[in-house]
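Notes for the one structure printed next.
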Amino acid sequence: MLKTPLNIQKLQRKLYCKAKQTSDFRYYALYDKVYRIDILTHAYNLVKHNRGAPGIDGVSYADIEKYGVENYIKELSQELKSKEYKPNAIKRVYIPKSNGQKRPLGIPTLKDRIVQMATKIVIEPIYEADFEPNSYGFRPKRNAHQAIEDIEKNLVYGHTTVIDADLSQYFDTISHKQLLSLVAKRVVDKNILRLIKQWLKAPIVEELSNGKRRYTKNHTHGTPQGGVISPLLANIYLDVLDTYWKQKEMFERYGAKIVRYADDFVILCKNPFNHNQILSEVKVLLDSLELTLNSQKTSIVDAKQESFDFLGFTITTKVNPKTGKRFPLIVPSAKAEVNFKAKIKSVTGRNMLPTKTEDIISKVNRVARGWRNYFYYGNCSNSMQKMDNYLQSRVRIYLRRKHRVQTIGYKRFPTEYLHNKLGLYKIPAQAPWSMSRK
């Protein structure tokens, strides 16, 4: 991650501290910070660091750099200062899901992503001061492992009746009216609110197979997945649930804890008999936000006997036969393993035979390192070993086909050759430290 310049850090710290000190303080003058040259420049660098495809206008990073980043930022700053800036339409693409379906993704233009990032740089510290500690998704210095660790801790303390919740089409059902009202509880700068409203209302453009474009106007609900500022807005919206949870004495009395990662959340109950009442309370609140629980995917799980999936991990509890104590068992989910295998297989398939071996190794290494970095947690040893074996197997298959070797390839391409000669990444098998081994 790129380091934030010191002058921007000071601004963010000042905004955060003021919000933390005074819970009802409202910010009326922030827009001038958004078009500051240093903030727009840092926003550009962050957007470029995140990579991503061009939007509907086709403008790429190379185009901006050919024109001159400094000139581009100056002109964008003036455009914002004079209030001439207008967002472009959002390009819709579809990302394949593991179940065969496709997830819609909205891609703003680079210009819009830069302005969204600049706005996020300015306003995020204000809302961070308000967000509850049980929220982990898309927040500075917070990640999925911390969310899993929170669940692990609650399981250790006996919160083993789990409400595994799933919101139906969350990003598509966020009410613009309610969202803007929640944003305005802290930020009442009319120009910031105007920007956010424009992004929410921006039309969505889809490229059709016949070469034409289909425009869809976004009138009252939804924030496109893919927008830089969308995760922050989504957290502002669901912070209502976190705050409600904190203030509701019933949940504390029932020993119920909530862990949320963006729109994914689980509720861990100590009393195994009151989950229906808790779920009913949650549904009432979600109804007020115009959100709906997916009844088919929301379930009640007894973690002493069953497992549930959260953020790519399968979680349950087991009894240690030596000590007789129950401990959390956290492993990469079967779905996550299937996805990993599918990615490795696509990179080492027959259609990749003309590709240079070093390029194939580079690609599979990126996938393998990504797998290791995310899933190296809890009781992952067996899964890591399985995925490493699969990785070696697929690379051998690729090499056999490329060099027309008739055998299974162990003698021609032994493990030492794969790692030492070709540089294939070795997925470590030993599990990291976890609460389950305390």
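All values derive from a computational prediction rather than experimental measurement. Because only heavy atoms are used, hydrogens play no part in the values below, and waters and symmetry mates are left out as well, while side chains stay in.
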Are the side chains of [X] and [Y] in touch, meaning some heavy atoms are under 4.5 Å apart?
X	Y	answer
Lys33	Tyr27	no
Ile361	Val395	yes
Gln225	Leu105	yes
Tyr425	Arg366	no
Val331	Ser383	no
Ile174	Leu233	no
Pro328	Ile315	no
Phe25	Ile126	no

Distance (rounded to the nearest 0.5 Å) between [X] [atom1] and [Y] [atom2]:
X	Y	atom1	atom2	value
Phe375	Phe340	CZ	CZ	10.0 Å
Phe327	Thr316	CZ	OG1	9.5 Å
Leu167	Phe265	CG	CZ	5.0 Å
Ile56	Glu206	CD1	CD	10.5 Å
Met387	Arg372	CE	CZ	16.0 Å
Ile73	Ile39	CD1	CD1	12.0 Å

For [X] versus [Y], what's the shortest heavy-atom pair and its separation?
X	Y	answer
Asn235	Ala262	OD1-CA, 4.1 Å
Asp112	Asn88	OD2-N, 2.9 Å
Lys426	Gln392	NZ-NE2, 4.3 Å
His275	Ile163	O-CD1, 3.7 Å
Ile344	Val367	CD1-CG1, 3.7 Å
Lys3	His42	O-CE1, 3.6 Å

Ion pair [X]/[Y], N-O distance below 4.0 Å:
X	Y	value
Glu70	Lys74	yes
Asp242	Arg260	yes
Glu65	Lys48	yes

Side-chain donor or acceptor of [X] paired with backbone N/O of [Y] under 3.5 Å:
X	Y	answer
Asn379	Ile330	yes
Asp388	Met384	no
Glu290	Ser175	no
Asp130	Ala19	no
Arg142	Ser135	yes
Tyr31	Lys190	no
Ser288	Leu285	yes
Tyr127	Val183	yes
Lys270	Tyr157	yes
His176	Lys197	no

Practice prompt. Take Asp63 and Tyr72 through the test side-chain contact (heavy atoms from CB on, under 4.5 Å) and record every step on the way to the result.
Written response: CA-CA 10 Å; Asp63 295 327; Tyr72 182 87; over 6 Å; no

Worksheet entry | Distance-only donor-acceptor check, side chains Ser230 and Thr223, under 3.5 Å | yes

Item to complete: If the plane angle is over 60° it's perpendicular, under 30° parallel, otherwise tilted; pick one for His145 and Phe313.
Response: perpendicular

Worksheet item: Angle class for the Tyr170/Tyr237 ring planes (parallel below 30°, perpendicular above 60°, tilted otherwise)?
Response: tilted

Fill in: Contacts of type side chain to side chain donor-acceptor pair (under 3.5 Å), residue Gln385, not counting sequence neighbours
Asn389

Worksheet item: Looking at residues at least two apart in the chain, or sitting in another chain, which of them share a ring pair (Phe, Tyr, Trp, His ring centres under 6.0 Å) with Phe138?
Response: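 Once residues adjacent in sequence are excluded, the partners of Phe138 under the ring pair (Phe, Tyr, Trp, His ring centres under 6.0 Å) criterion are Tyr261.
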
Discussion item. By the definition side-chain contact (heavy atoms from CB on, under 4.5 Å), identify the one residue from Val162, Ile300, Thr160, Thr161 that meets it with Cys269.
Written reply: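 Of the listed options, the one satisfying the test is Thr161.
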
Fill in: Among Val266, Ile258, Leu268, the one residue meeting side-chain contact (heavy atoms from CB on, under 4.5 Å) with Asn154
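Result: among Val266, Ile258, Leu268, Leu268 is the only option passing the side-chain contact (heavy atoms from CB on, under 4.5 Å) with Asn154.
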
Practice prompt. Begin from the C-alpha positions of Leu195 and Ile229 and carry the test side-chain contact (heavy atoms from CB on, under 4.5 Å) through to its verdict.
Written response: CA-CA 11 Å; Leu195 282 179; Ile229 205 162; over 6 Å; no

Item to complete: I would like to know whether Tyr244 and Val282 meet side-chain contact (heavy atoms from CB on, under 4.5 Å); could you show each step before the answer?
Response: CA-CA 9 Å; Tyr244 176 78; Val282 171; 6.0 Å; no

Practice prompt. Apply side-chain contact (heavy atoms from CB on, under 4.5 Å) to Leu311 and Tyr136, showing your working.
Written response: CA-CA 11 Å; Leu311 302 179; Tyr136 295 93; over 6 Å; no

Could you list the donor-acceptor pairs under 3.5 angstrom formed between side-chain atoms of residues 5-16 and any protein atom two or more places apart in sequence or on another chain?
unit_1	atom_1	unit_2	atom_2	d
Asn7	ND2	Asp38	OD2	2.6
Gln9	NE2	Thr4	O	2.6
Gln12	NE2	Ile121	O	3.0

